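All values reported here derive from a predicted model rather than from experimental measurement.
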Amino acid sequence: MTATNGERTPADDVSGPGPAPGRPTPGTAPGAGTGSGADTVGRRDTVSAVVRQWQTVHPELDTGPMEVIGRINRCAALLQQAEDAPLRRAGLSRPEFDLLGALRRTGHELTPGELVRETFSSGAAVTKRLKQLTERGLVERRGDTRDRRVAHVRLTDTGRDLVDGILPEQLAYETTVLSVLAPQDQAELAGRLAELLSRLEGHKA
């Protein structure tokens, strides 16, 4: 939610070229290969249409992974688009809010290097964002008394109030989105995604 890499996920990134997001796509007959064509026949989301098309072009390929990865990518794009709306109203980009959020949730000053790690950003990107946020009065920097090369960053009262105003709106939206799933299903989904993310991040099971 508030700890992304700052890059927007393409809405049409479904493991290969597909239809433009938001446009209805006529379905095609599922391929006869090893993919999960039977599972996509009754589905009407964007990904199922893309999968059916690829099954027609390459019936010999297993398109099963697209069913999962494609939907993760599509959900991420739609969720971020909606959650970025209050940020745009506040004049913030997603990476800027991630930086402010890192300072708020850790509850203490952070160095630029620590912000790089917390927000999964490059040093140059963090430096640029800090300059912009400082000019807007949302963060402030102070030098280290023992090492002038080190700076410490903290939220101003204005920055803290801004984060505290946006976060509840985002959480309310997420609650509404997930309300279609029963609490136990939400817990199971969170666990499965945590397992996948842990593997992708290189953590051992």
Side-chain angles (χ1 to χ4, degrees), residues 1-19 21 30-31 33-40 43 45-55 57-84 87 93-107 110-126 129 167 170-171 173-205:
M1 181 182 58
T2 59
T4 67
N5 62 6
E7 298 295 333
R8 180 179 297 277
T9 304
D12 57 350
D13 182 11
V14 190
S15 299
T34 57
S36 52
D39 294 335
T40 66
R43 294 176 181 162
D45 61 77
T46 305
V47 174
S48 62
V50 172
V51 170
R52 287 194 297 270
Q53 290 170 343
W54 278 117
Q55 288 169 342
V57 174
H58 283 294
E60 77 284 0
L61 295 180
D62 179 8
T63 55
M66 289 185 188
E67 297 269 7
V68 178
I69 304 301
R71 287 187 172 90
I72 290 175
N73 286 342
R74 180 65 174 149
C75 285
L78 293 174
L79 288 168
Q80 184 163 314
Q81 183 179 21
E83 292 195 332
D84 281 354
L87 304 186
S93 66
R94 166 62 56 178
E96 289 173 338
F97 183 71
D98 286 346
L99 192 152
L100 295 175
L103 289 168
R104 184 66 174 116
R105 59 184 163 79
T106 56
L110 296 173
T111 66
E114 290 170 334
L115 285 167
V116 165
R117 293 188 292 273
E118 289 288 341
T119 61
F120 311 106
S121 303
S122 68
V126 165
R129 290 163 197 156
L167 184 59
Q170 290 192 326
L171 289 174
Y173 170 74
E174 292 171 357
T175 298
T176 300
V177 169
L178 292 174
S179 65
V180 298
L181 300 176
Q184 61 267 28
D185 293 333
Q186 293 184 33
E188 181 179 359
L189 178 60
R192 297 296 185 186
L193 289 174
E195 181 180 354
L196 177 61
L197 179 59
S198 181
R199 296 295 182 90
L200 290 173
E201 288 181 336
H203 303 303
K204 295 182 179 180

Quiz item: Within a strict 4.5 Å, meaning less than it, do heavy atoms of the Arg192 and Glu188 side chains meet?
Solution: yes

Exercise. Only one of Gln55, His58, Gln53 passes side chain to side chain donor-acceptor pair (under 3.5 Å) with Thr63; say which it is.
Key: Gln55

Quiz item: Any side-chain heavy atom of Leu193 sitting closer than 4.5 Å to one from Ile72?
Solution: yes

Quiz item: If you measure from OG1 on Thr46 to CG on Leu78, what distance do you get to the nearest 0.5 Å?
Solution: 7.5 Å

Quiz prompt | Expected output: side-chain Arg71 to main-chain Glu67 donor-acceptor under 3.5 Å | solution = yes

Quiz prompt | N-O pairing of Arg74 and Asp45 below 4.0 Å | solution = no

Self-check item: Spacing of Ser48 atom OG and Met66 atom CE [to the nearest 0.5 Å]
Solution: 13.0 Å

Quiz prompt | Leu181 to Leu189 - nearest heavy-atom pair and separation | solution = CD1-CD2, 4.0 Å

Quiz item: How far does CG of Leu79 sit from CD of Glu174, to the nearest 0.5 angstrom?
Solution: 7.5 Å

Practice problem: Working to the nearest 0.5 Å, report the span between CZ of Phe97 and CD of Gln170. | Solution: 4.5 Å

Self-check item: Side-chain (Thr175) to main-chain (Leu171) donor-acceptor, under 3.5 angstrom
Solution: yes

Quiz item: Going by atom types only, do Ser121 and Arg129 share a side-chain donor-acceptor pair under 3.5 Å?
Solution: yes

Quiz item: How long is the span from the CG atom in Leu115 to the CG atom in Leu100, to the nearest 0.5 Å?
Solution: 9.5 Å

Self-check item: Heavy-atom donor-acceptor pair, Ser179 side chain to Thr176 backbone, under 3.5 Å
Solution: yes

Quiz prompt | Gap between atom CG of Leu167 and atom CD of Glu83 - 0.5 Å precision | solution = 9.5 Å

Quiz item: If you look at every heavy atom in Val180 and Val177, which pair is closest and at what distance?
Solution: CG2-O, 3.5 Å

Quiz prompt | Smallest separation among heavy atoms of Thr106 and Ala102, with atom names | solution = OG1-O, 2.7 Å

